[in-house]
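Before any comments, here is the structure.
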Amino acid sequence: RVRVLGNGNVGIGDDSPLHLLHIRKDQNAKTTLLIDNRNGSTAASSNIYLGSNATTEQLHLRTFGSSYTASGAQKQLGSLIEHNQAGGLSIAASSGLGDIRFYTAGSADANERMVVKADGNVGIGITDPGSFKLNVNGAVYSSGSIIIANNAPYFGALSSAGAYVPLVYLNSSNAMVLGSTTLQANS
C-alpha cells in the first residue's frame, strides 16, 4: 500500500512517512529496495545519486553490467561508491564500539581482509590488531623508507610470551644497535 501525506511525504508500507520517501516492511527476512537495469549494453548501470546545495549529484552508488565499458574504478560486474565534491568521502562507524571491516571474495568471517577498530588500530590480514596502531599478518613490502619517530626509535619482535623485544634501536647516544652490537654512531 502507498500513502501520500499533505506535506508530500510518500509512505510505502508505512501510514506515517517521516521523510520524502519512507519504505517499510516488517518481516523476519531482508527488506529490499531494488533498482534493476537488465540492459546488456556497454553503458548499462544502476545508480543512486544523492546531492545537496543545488549542485550536481555528490554521492554515487553504482553497479555495472557485464558488457559495461570499463574505465578506472568502473569495472564490468563491479560496484562503486564515489563522491565528486571537495569535501571528500567519509566512512564512519558512529558507535563507540563500531569497527569498519573490509572483505573480498565473499562476506564470511574468513574473507575479512582489513579492520579499523573503534580505537583506531588497524589490522591487515588479522581480525584484531591488539594494542598496535598497525598489525599486518603477512609480508610487508616498501619501495621507500620506513621512518620511526616520536620516542619509538626501534624495530622489534614479539616473543612467544607476547613481550616486545627490540632488535634494532637507537641507544641514548643515538648509535644504532643490533641486538647488543653497536653498528654506527649517528652524527
Rounding to 0.5 Å, atoms OG1 (Thr104) and CE (Met114) come to a distance of 11.0 Å

Going by heavy atoms in the side chains, are Pro129 and Val122 under 4.5 Å from each other? no

Hydrophobic clustering (ILVMFWY, side-chain heavy atoms < 4.5 Å, transitive) - are Phe64 and Leu77 grouped together? no

For the residue pair Ile100 and Ile91, what are the closest heavy atoms and their distance? CD1-O, 3.6 Å

Measure the shortest side-chain to side-chain distance between Pro17 and Val10 over non-hydrogen atoms and say whether it is less than 4.5 angstrom. no

Rounding to 0.5 Å, atoms CZ (Arg101) and CG (Asn111) come to a distance of 13.5 Å

Membership question, hydrophobic clusters at under 4.5 Å side-chain separation (ILVMFWY): are Leu134 and Val116 in the same one? yes

Mind running side chain to side chain contact (heavy atoms under 4.5 Å, CB included) on His60 and Asn47 for me, showing each step along the way? CA-CA 7 Å; His60 305 179; Asn47 305 280; over 6 Å; no

Under a single-linkage definition using a 4.5 Å side-chain heavy-atom cutoff for Ile, Leu, Val, Met, Phe, Trp and Tyr, are Ile23 and Leu18 assigned to the same hydrophobic cluster? no

Hey, is Lys117 close enough to Asp119 for a salt bridge, meaning N to O under 4.0 Å? no

Is it possible for you to say whether Val115 and Leu97 belong to one hydrophobic cluster, with membership spreading through side-chain heavy-atom contacts below 4.5 Å? no

In Å and rounded to the nearest 0.5 Å, what is the CG to CG distance from Asn137 to Asp128? 12.5 Å

Value for CD1 (Ile12) from CG (Leu33), rounded to nearest 0.5 Å, stands at 8.5 Å

To the closest 0.5 Å, what do you measure between CG (Leu59) and CD1 (Ile48)? 9.0 Å

Quick one: OG on Ser16 to CZ on Arg3, what's the gap to the nearest 0.5 Å? 6.0 Å

Shared hydrophobic cluster, Leu80 / Tyr68 (ILVMFWY, side-chain heavy atoms < 4.5 Å): yes

